[in-house]
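Written below as structure tokens is the structure these notes are about.
Everything numeric here is computed off the predicted structure, so don't read it as measured data.
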Amino acid sequence: MEYNFKEIEKKWQKHWKDNKTYKVEVDNSRPKYYVLDMFPYPSGAGLHVGHPLGYIASDIFSRYKRSNGFNVLHPMGYDAYGLPAEQYAIQTGQHPAITTENNIKRYREQLDKIGFSYDWSREVKTCEPDYYKWTQWAFIQMFNHYYDNNADKAMPVSELVKHFETKGSEGINAACSENLTFSAEEWNAMPVKEQQETLLNYRIAYLADTMVNWCPALGTVLANDEVKEGVSLRGGHPVEQKVMRQWSLRVSAYAERLLKGLDTIDWTESLKEIQKNWIGRSEGAEMVFPVKDSDVSMKIFTTRADTVFGVTFMVLAPESELVNQVVTSDQKEQVAQYIADAKKRTERERMSEVKKMTGAFTGAYAINPLTNEEVPIWVSDYVLAGYGTGAIMAVPAHDSRDFAFARTFRLPITQVVVPHGEEPADTSKWDDSIDSKEGYLINSGFINGLDVPEAIEKTKEYIREKSIGEVKVNYRLRDAIFSRQRYWGEPFPVYYKDDMPYTLDESKLPLELPEVDKYLPTEQGEPPLGRAKNWKTEEGYPIELNTMPGFAGSSAYYLRYMDPKNDQKLVSTEANNYWQDVDLYIGGTEHATGHLIYSRFWNKFLYDLGEVCKDEPFRKLVNQGMIQGRSNFVYRIKGTNKFVSYNLTKEYDVTPIHVDVNIVHNDILDIEAFKNWNPEYKNAEFILEEGDKYVCGWAVEKMSKSMFNVVNPDDIIEQYGADTLRLYEMFLGPLEQSKPWDTNGIDGVHKFLRRTWRLFSDRDGQMVVTDEEATKEELKVLHRTIAKISDDIERFSFNTCVSAFMICVNDLSDLKCHKRSILEPLTVLLSPFAPHMAEELWYLTGHNSSVVDAQWPKAEEKHLKDDSVVYPVSFNGKMRFKLEMPADASKEEIEKAALAHETAAKWTEGKTVRKIIVVPGKIINIVVG
RNA sequence: GCCCGGAUGGUGGAAUUGGUAGACACGCUGGACUUAAAAUCCAGUGGCCAUUGCGGCCGUGCGGGUUCAAGUCCCGCUCCGGGUACCA
């Protein structure tokens, strides 16, 4: 029989399912290996050919590890809460649970056809109560813990309360929203409501008035990573800044650990770099500038304390509380007007007008604590409220923003750093600030003449001695806003008593998402849960109306897979101690600042609680590149219904039109299919080239319906089979690289599988595998392939694996090798890549057990070695001829033989041989001149 | 602006520590088989010159350098992709 992929794939997929081939359990007798894919959001569009890329890679790796004796955990599930299903629900009234369930069904069908080795008994869906019970549980723990900076871990709030009762805030070093000072007496005298309000200042999950990204179009707030360039990541709607009372997670408390942890994990440099930038650690000094004629003082953060002699003004963020405290009565109106104007500017305008400086003078002056000089205090929105202290000292000579501001408002500019090899210059002639990273100090009192690094040190010392400020580390990373004013998400296990939030008892979990009549806000502007009937506790307290954001459910799913059915714990200690952490995580870079930060934070928190045994969840992470679309175009002559082939377009005035890539093969248009594709083209005429071809143009674009370049894996599987799809996705190029999907070339991979098949079976379907002894040559081919494939899998170089298989099968075909001792190990090698075919061949060669449990073959040194080496012989680095030598020939023998070669004379003639380089086993280079 | 990647035939890509550049495929050209097509198989395929034979020169974005030897290392650019952006 010929290679009948349809039958084979159906047969083995059923076999695997019936025999629970991929089900795994804790097994302390075997080493574990955990391979994880980023679970998908099941969108209505289904999978396109780009989605499985990472899944195929991880599946190959899982199967490879299993063959090498590991107990491999390889689960899959769904990130089922999300905006698209809810938006669809608003439009159609269809419950998002139904939409989601349908989409999941579709995903599952598509995934099953590809032949993955997932243990589906461990499937999780984030929208299911048994699952989100643990999301809610984690939230309660975060509510009941605070971050103790001295212990450098999360600690129970109950202990904090005990401390307050006996010692007040004295001696507390905790991550908090605001530094509070109170005595034990004051604490004990506080009404309950005030105590609760105070505790929110410390809780890791806390409710507070914070500046949030409000997206009116989506009717919800968004986290920082969900906003890009002033618009929402999903949908691209404008986002504005607004103060709202919202739940947040105190991720910033973990900033240092999140940063340090990066050094312990095996992730790509680029991904670590993105996280490093996102965390944005900067070391500097916090300094206090007293305000003249006032008891108020301004605290500022600077990384360049050494430039303090160059300060010519101060700037406050418009949102800063200090503005009202310092503003003089005659400037009050102007400042108020400015702040009102600044508020009106959307985040987008603010960003697009970066160069345009706006601001207002407060009328107040600050006193430079080092020089005792008075400098004016301004308000401007170029200073951000959310970073540092919301106030800065401006050094216009050496900061381009301060410079632009000084020029706009005609403020003085004093140079304090002179780059090496330059002279002090007249700042009034400058077009921009000058760099101050290197150089020496001028106009700077006691640090004059010092180099920048020394000056920084000396200033810091001075500040500490005189108690003007303290050395401080600042992070850009902000707390994650955790409320969404939406329906389709996890309800908060929170109720309100006297306006203060309290968490439900754990025994009440899961708090299930209630039904609502509409998925829209209420008339009073409350979130959709405001429509739920009886949305209160048994005691009658109202329950929180917000729901959790998308990243809530995805922050610990990798832990749940370890023990998905446990109704007592998120994950049992036994399961967690066995599976520990994810050994290999494959997914896209787009989650760098979202999911991958949040889940690291979440995991560290659970680690602090002793719930999990590893501090970092993902040991190794590989980013698969994006599969871009490859669009095809036809060219219509303007004003006609006539289409001209690509290479003739120069002669006409044409409009390029996207054409469905599924009716184009190797850039040749299927004209009949095109006519039927759209009624508009029914009577189209064509100008063909090279006789009868219509050649299409092409371009690389995003894969999307509107570009008509979406390729569905189902179609590829229908035509070529899943094994071909798997192999081809890998053959396309390096895993990490982004590349366009181009169906051209898939034939080559399919042909390879058919050739492989023919090593086992003749045209009439007779097995031709023999028990003859393998030749030296055949063993060499096999063992080289074993070495290459094993090595390449370890390096995640799957594209070169496919090439290596092709070379191997080509060689074996040439050798007419049909020997069991060669073909069986080859089948095992092939099984991670083309599991269906490998199973069938394994079965046909007489095995009863599945090939997934076959032992991975070992490359034997003795079969890899050659008796002789073919040396390339170069003259002055240019290869001129080849020379075959015994592998054990000495350098001298090789030199002699090379010079004695008939072609050598031609290159040495009339020249002197100056040097001969012999690298044994590699190359010979003869230097002549 | 800053940070990180990348650039190799008509196309996707290979070359793991500096050691034969273009493996393996696609496409294309020619041929075999066939009434024909499909399938399969064989040969050729970086550019230029020579092609009667050998062959020769150039060539990994551009310009320099190190080295017996550079796609690979160093210095300076250009272009493309990604991240990030008043972060003090």
Side-chain angles (χ1 to χ4, degrees), chain A residues 2 228-229 268-278 280-282 284 300-304 307 315 350-351 353-355 357 380-384 386-389 391-395 398-402 404-405 474-478 589-590 592-593 625-626 628 630 666-668 698 700 728 731-734 736-749 751-752 754-755 758 763 788 791-792 794-795 797 799-807 810 813 870-882 906 914-917 919 921-929:
Chain A
E2 269 292 299
K228 219 180 133 181
E229 282 156 15
T268 56
E269 278 313 306
S270 72
L271 192 55
K272 286 191 193 179
E273 202 60 35
I274 293 171
Q275 290 213 342
K276 263 180 211 165
N277 292 340
W278 189 257
R281 182 185 202 273
S282 61
I300 59 99
F301 174 76
T302 177
T303 52
R304 292 299 302 276
T307 60
V315 189
R350 234 174 114 147
M351 285 179 170
E353 293 168 9
V354 163
K355 291 279 150 337
M357 283 295 175
S380 172
D381 65 1
Y382 87 88
V383 173
L384 301 178
Y387 184 76
T389 58
I392 61 148
M393 63 175 211
V395 185
H398 304 293
D399 181 285
S400 62
R401 297 154 303 177
D402 297 345
F405 193 83
N474 238 302
Y475 300 92
R476 205 186 74 114
L477 182 72
R478 294 217 239 153
T589 348
E590 65 271 21
T593 54
M626 265 211 308
Q628 297 148 306
R630 185 182 189 276
N666 291 330
D667 293 337
I668 310 289
W698 61 274
V700 173
Y728 186 59
F731 189 59
L732 225 41
E736 322 81 61
Q737 224 169 72
S738 282
K739 59 230 157 195
W741 175 268
D742 180 357
T743 311
N744 298 350
I746 196 166
D747 288 320
V749 168
K751 244 187 265 180
F752 154 74
R754 284 210 303 261
R755 281 169 67 104
R758 278 205 304 279
R763 266 158 222 265
K788 173 82 177 151
D791 194 35
D792 284 0
E794 297 278 357
R795 290 168 41 228
S797 177
N799 55 326
T800 52
C801 286
V802 182
S803 301
F805 278 127
M806 288 173 169
I807 293 169
N810 287 348
S813 301
V870 176
Y871 282 96
V873 182
S874 318
F875 289 80
N876 292 342
K878 283 200 169 84
M879 208 279 286
R880 296 303 179 184
F881 61 85
K882 286 175 186 169
K906 185 174 154 189
R914 305 209 181 268
K915 201 170 174 184
I916 303 180
I917 289 119
V919 182
K922 280 263 160 89
I923 198 171
I924 301 162
N925 190 19
I926 299 168
V927 186
V928 295

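- Across all strands shown, B:A15 has no partner, as no Watson-Crick or G-U wobble contact with both distances under 3.5 Å is found.
- Side chains of A:S813 and A:R758 form no contact here, defined as non-hydrogen atoms less than 4.5 Å apart.
- Base pairing of B:G55 is made with B:C49, judged by Watson-Crick or G-U wobble geometry with both donor-acceptor distances under 3.5 Å.
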Q: Could you run through nucleotides 21-27 of chain B and give me one letter per nucleotide, 5' to 3': B if any protein heavy atom sits under 4.0 Å from the base, S if only the sugar-phosphate is that close, - if neither?
A: --BBSSS
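- The side chain of A:N925 approaches B:A69 more closely than any other nucleotide in the set B:U16, B:A69, B:C87.
- Using Watson-Crick or G-U wobble geometry with both donor-acceptor distances under 3.5 Å, B:G44 finds its partner in B:C28.
- Remark: the separation of the P atoms in B:U66 and B:G12 is 34 Å, to the nearest Å.
- By the 4.5 Å heavy-atom criterion applied to side chains, A:V749 and A:M806 are counted as neighbours.
- For the pair A:Y387 and B:A88, the criterion of a side-chain N or O lying under 4.0 Å from OP1 or OP2 is met.
- Side-chain atoms of A:K915 do not come within 3.5 Å of backbone N or O of A:N925 as any donor-acceptor pair.
- Remark: B:A37 base-pairs with no nucleotide in the shown strands. Criterion, Watson-Crick or G-U wobble with two distances under 3.5 Å.
- Distances shorter than 4.0 Å separate none of the side-chain N or O atoms of A:R401 from OP1 or OP2 on B:G1.
- Base pairing annotation: B:G22 forms no Watson-Crick or G-U wobble pair, as no partner gives both donor-acceptor distances under 3.5 Å.
- Here the side chain of A:R476 is nearest to one of B:A88, B:U84, B:G13, namely B:U84.
- Proximity of A:Q737 to the phosphate of B:G81: no side-chain N or O atom is located under 4.0 Å from OP1 or OP2.
- Residues A:R755 and A:N810 bring a donor and an acceptor atom of their side chains to less than 3.5 Å of each other.
- B:G5 takes the anti form, because its glycosidic angle lies more than 90° either side of 0.
- Ring pair A:F405/A:Y382 is tilted by interplanar angle, where 30° to 60° counts as tilted.
- Nucleotide B:C62 is matched to B:G76 when pairs are restricted to Watson-Crick or G-U wobble geometry with both distances under 3.5 angstrom.
- If you check B:C2 for Watson-Crick or wobble pairing at under 3.5 angstrom, you find it paired to B:G83.
- Note on A:R758: a side-chain N or O is less than 4.0 Å away from OP1 or OP2 of B:C41.
- Interface remark: the A:D742 side chain does not form any donor-acceptor pair with the B:U11 base, using a distance-only criterion of under 3.5 Å.
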